[in-house]
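Below: one structure, written as structure tokens.
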Amino acid sequence: MESLNLNIVHMKIFKNFGNLDKDQLEQNIINTSVAGRVILLRDFGKAVFAHLQDSKGRIQIYLRKDLLGENFQLIKNIDIGDIIGVEGRLFRTKTNELTIEVKNFVFLSKSLRPLPEKWHGLKDIEARYRQRYVDLIVNPSVKETFVKRQQIIRYLREFLENEGFLEVETPIMHTIAGGARAKPFKTYHEALDMELYLRIAPELFLKRLLVGGFERVFEIGKNFRNEGISTKHNPEFTMIEFYVAYKDYNWLMDFTEKLLCYVVEKVCGALKIKYSDDIIDFTPPYKRISMYDALKEKGVPEEIFKNQEKATKWAKERGIELPKEASLPKILDEIFKETVEPFLIQPTFIIDYPVELSPLAKRKKDNPELVERFELFIAGREIANAFSELNDPIDQKERFLKQLEERLKGDEEVPEMDEDFIRALEIGMPPAAGEGIGIDRLVMLLTDNQSIRDVILFPLLRPEK
RNA sequence: GGGCCGUUAGCUCAGCUGGUAGAGCAGCUGACUCUUAAUCAGCGGGUCGGAGGUUCAAAUCCUCCACGGCUCACCA
């Protein structure tokens with residue numbers, strides 16, 4: 001029987017025969033076979049009802065002594081959690097439930113540990129993360145989340161491929177951890193006797209590919225940041241980054257709207273979705289507003305935009321904590337995070353950031369203190385970060401050098417100088433726009449989950465003992 | 001790293017101002033051939049997260065530690 005064609009509950013049985021009523025099933029004998037895990041068991045002595053669960057659903061099976069004869073004694077050895085295969089005829093019970101009347105069955109796997117309680121299931125959050133295999137068996141919505149996660153990635157990929165993008169893989173082990181501002185994980189290569197870093201972003205490698213002549217590239221993969229863990233941060237997380245030559249950030253905003261619509265429509269079946277207590281509407285166009293205008297809208301006085309003393313005072317009066325030695329743009333960024341960000345529920349592009357906050361973005365032509373950058377906020381969270389890419393090697397080198405001063409002051413999050421990246425820009429990079437989207441946060445949004453750990457199969461935890 | 005909260009049977013949870021640790025489900029035995037968290041009768045099940053302390057007596061009070069949750073800090 002192991003070699004028989006075993007049906008998958010939902011795809012074959014319910015899809016093909018789920019619409020047949022009791023009489024139709026009496027008149028047409030439909031034999032089927034299924035393998036699955038026993039998740040409920042009701043023993044009546046000479047008859048047993050059980051529910052089998054497989055990857056797509058559940059179906060009830062009915063085992064009778066008079067049909068199974070001597071083999072019926074074996075049924076008494078079944079425990080909840082065992083995996084068995086059955087074959088038999090489909091029928092409907094008195095209560096009209098589609099059921100398999102078993103004529104033959106086989107034990108496939110024995111479960112030695114009991115499953116969690118059938119009614120309350122597994123609730124303990126720690127146990128759910130540590131024993132995700134049990135969580136997946138008993139909490140159906142968990143499985144749904146991870147199916148949706150894969151769909152989100154599939155449709156992102158499909159959209160970009162349809163738009164002529166090439167998917168690439170760049171190194172995860174870096175000799176210089178660049179492309180973002182974050183503390184990296186360290187590892188070690190024995191043969192080369194060399195320290196390496198796990199990447200904090202693929203950005204600088206993807207831009208090297210623009211130099212090499214690929215005009216549309218993207219990469220989906222893990223990034224690693226050696227920072228605190230929270231409901232929005234896991235040390236390893238999945239990003240998609242994509243780059244388009246000969247386009248700028250305005251084009252990219254339109255493109256982002258199309259991309260999100262494509263994915264949301266495919267995955268959720270509508271552009272309006274529920275997230276927590278909000279209804280998020282992905283119908284374009286999304287509001288586009290500069291960082292400074294967004295601050296003004298929330299009542300932040302314009303006079304502090306150009307005056308560090310006043311900005312510091314204004315922030316402190318409102319209990320906004322500032323890092324020591326914060327520059328004016330950094331102070332405004334902190335004010336933004338407190339006064340604007342939490343209120344950006346509907347998709348909103350915040351554009352035109354101060355150059356100090358964006359060392360890899362191109363300056364605006366009419367205002368070199370700002371860059372052509374946007375961040376997309378949804379449900380009070382940053383979902384995407386994008387800009388017209390800086391392709392002037394001289395400006396880029398100057399900005400790296402300026403950052404290095406901070407590194408020398410002891411800021412470990414500032415990357416080392418990447419000389420090879422400068423060399424690549426010196427060869428000549430076409431004007432381009434690039435964007436990164438945090439996949440985990442997007443999945444949270446589209447699956448209505450409040451913690452990043454609920455969209456990562458095996459989130460990082462300390463060892464049990 | 002700080003603050004608050006949690007950790008009792010395989011699972012979900014009770015256990016009051018300190019006085020021999022409980023229930024439901026799961027398990028075991030028995031009854032029952034259309035049940036839906038099946039039902040009924042009976043039985044077994046615990047280093048109360050760990051280590052100290054206070055006390056005649058600690059799941060309960062105190063201290064430290066471990067793990068987790070929320071939150072703040074951190075976070076391109």
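A, B, ... follow the sequence lines: proteins, then strands. Residue 1 opens every chain.
Taking atom P on both B/G42 and B/C25, the two are 13 Å apart, rounded to the nearest angstrom. If you take atom P in B/G15 and the same atom in B/U60, they sit 15 Å apart, rounded to whole Å. Only the P atoms considered, B/C61 is 27 Å distant from B/G24, to the nearest whole Å. Taking atom C1' on both B/G46 and B/U20, the two are 14 Å apart, rounded to the nearest angstrom. Of the P atoms belonging to B/A14 and B/A23, the separation is 16 Å, rounded to the nearest Å. Between B/A37 and B/C74, the distance separating the two C1' atoms is 46 Å to the nearest Å. Rounded to whole Å, the P atom of B/A26 lies 15 Å from the corresponding atom of B/C11. Comparing the same atom, C1', in B/G68 and in B/A76 gives a spacing of 30 Å after rounding to whole Å.
Across all strands, A/L40 comes closer than 4.0 Å only to sugar-phosphate atoms, never to a base (heavy-atom distances).
Between A/L68 atom CG and B/U33 atom C1' there is a gap of 12 Å when expressed in whole angstrom units. The interatomic distance linking A/L98 (CG) with B/U35 (P) rounds to 17 Å, in whole Å. Rounded to whole Å, atom P of B/A37 lies 11 Å from atom CD of A/Q60. One interatomic measurement links the two molecules: CG of A/D82 to P of B/A26, which rounds to 15 Å at whole-angstrom precision. Distance A/D124 CG to B/C13 P: 8 Å, rounded to the nearest Å. The distance from atom CG of A/L41 to atom P of B/U39 is 13 Å, rounded to the nearest whole Å. With rounding to whole Å, A/E101 atom CD is found 10 Å from B/C34 atom C1'. For the pair A/D43 CG and B/U35 C1', the interatomic distance rounds to 11 Å; values are reported in whole Å.
Listed candidates were B/A26, B/C25, B/A37. Nearest to the side chain of A/P114 is B/A26.
Between A/H120 and A/T93, the residue anchored nearer the 5' end of RNA chain B, judged by the nucleotide with its closest heavy atom, is A/H120.
Shown are A/R363, A/R373, A/R208, A/K207; of these, the salt bridge (charged side-chain N to carboxylate O under 4.0 Å, His left out) with A/E389 is made only by A/K207.
Between the A/N385 side chain and the A/E375 main chain, no donor and acceptor come within less than 3.5 Å of each other.
For A/K94 and B/C34, the shortest distance from a side-chain N or O to OP1 or OP2 is not below 4.0 Å. Contact check, A/K118 against B/A38: a side-chain N or O comes under 4.0 Å of OP1 or OP2. Distances shown here put a side-chain N or O of A/R42 below 4.0 Å from the OP1 or OP2 atom of B/A38.
Side chain A/E97 to base B/U35: no donor-acceptor pair is found below 3.5 Å.
Ring stacking is absent between A/F49 and B/A38, as the pair misses the limits of under 5.5 Å between centres and under 30 degrees between planes.
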message = Across nucleotides 66-76 of chain B, 5' to 3', mark each nucleotide with B, S or - according to how protein heavy atoms within less than 4.0 Å reach it.
response = -SSSSS--BBB
message = In dot-bracket form, 5' to 3', how is RNA chain B paired? Count Watson-Crick and G-U wobble pairs only if both distances fall under 3.5 Å, and write | where the partner sits on another strand.
response = (((((((..((((.....[..)))).(((((.......))))).....(((((..]....))))))))))))....
